[in-house]
Amino acid sequence: MSIHAAANWLSQHEPIWAITIRGNIGVTGEADPDEIFALLDDQYAQAILKQTRNNAMSAKEISETCEISISTVYRRTERLIECGLLAEQRVAQSDGNHYSLYEAQLDELTVCLTDDGFDVTVSGKATGDLADRFTEMWEGL
Amino acid sequence: MSVSQVADTQPVSDYLLLLSVSLIALGLALFIVFHAYRGYQRNNSVRMLYLACGLGFITVVPMTISIGVNTLGQMIEVAPHVYTFYLPLVARVSEISGICTLLYSLLITPDESN
């Protein structure tokens with residue numbers, strides 16, 4: 001807890017965080033199965049998901065650790081977010097600009113063969129900060 | 001410490017046990033209140049602000065007052081009436097205001113919080 005708490009205290013000194021987490025826990029059926037298969041087959045998308053599994057990273061950090069060009073990172077993250085495999089957090093900076101942090105949303109993928117073809121279900125994990133999930137829970141009441 | 005003193009005031013060992021348990025409870029309460037407050041800061045959610053205040057009034061404030069009065073009682077003579085009447089009264093009033101704040105947090109519509 002202590003490291004987490006220390007990180008929390010540090011974040012207190014930054015400007016107010018404006019967070020947008022796209023896609024909630026257990027998003028299903030919205031994404032195109034073919035697109036998900038294509039992404040999971042893609043080595044860059046795989047690398048991004050692996051790197052961001054337990055920690056939110058900026059596009060620059062992903063680009064450096066995975067040795068992928070920054071434009072590829074942006075293209076892949078956009079597609080991953082659309083499929084609900086990746087979550088984006090927008091972090092406001094004091095100069096008014098903002099940058100994005102990416103964190104893998106994917107926990108488990110279920111593929112069912114039905115009469116209509118493949119039915120893909122993405123089981124997301126609870127991403128984001130404890131405070132954000134707390135807010136989500138309380139506002140959902 | 002004479003026998004009469006032990007009979008009159010709380011024994012030190014009891015006080016220390018009570019203090020440590022209270023501090024654990026206070027720490028946990030502060031952790032939750034802190035995260036509710038951070039939820040307000042990060043998401044600009046007024047409801048979370050009221051939640052943090054309400055939880056604070058219900059848990060943190062009575063605990064702090066109780067610890068404070070008990071500590072004071074160890075140092076100076078405090079009338080027994082304080083323990084049996086004023087302390088519970090203040091704690092209950094704080095809890096009532098906390099519960100009202102929580103209710104208010106639940107009742108305001110999410111649209112107002114944006």
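Values below: all heavy atoms of this structure, side chains included; hydrogens, waters and symmetry mates excluded. So you know, we letter chains A, B, ... as the sequences are listed, proteins then strands, and number each from 1.
Residues A:Phe134 and B:Ile32 come closest through the heavy atom pair CE2-O, 3.8 Å. What you find for B:Arg47 and A:Glu139 is that their closest heavy atoms are NH1-O, 3.4 Å. The two residues A:Ala131 and B:Arg38 make their nearest non-hydrogen contact at CB-CB, 3.8 Å.
B:Phe85 and B:Val90 end up in the same hydrophobic cluster when Ile, Leu, Val, Met, Phe, Trp and Tyr side chains are linked at under 4.5 Å. Cluster membership for A:Leu39 and A:Phe118, using ILVMFWY side-chain heavy atoms within less than 4.5 angstrom, is shared.
B:Leu49 does not touch chain A: none of its heavy atoms, backbone or side chain, sits under 4.5 Å away.
Atom CE of residue B:Met48 and atom CE of residue A:Met137 lie 7.5 Å apart, to the nearest 0.5 angstrom.
For A:Gln46, the CD atom counts as densely surrounded, since its 6.0 Å shell holds more than 12 non-hydrogen atoms of other residues, nucleotides or ligands. By the 6.0 Å contact criterion, OH on B:Tyr50 is open, its count of non-hydrogen atoms from other residues, nucleotides or ligands being 12 or less. A 6.0 Å sphere centred on OH of B:Tyr86 holds no more than 12 heavy atoms belonging to other residues, nucleotides or ligands.
There is no side-chain donor-acceptor pair under 3.5 Å between B:Ser45 and A:Trp138.
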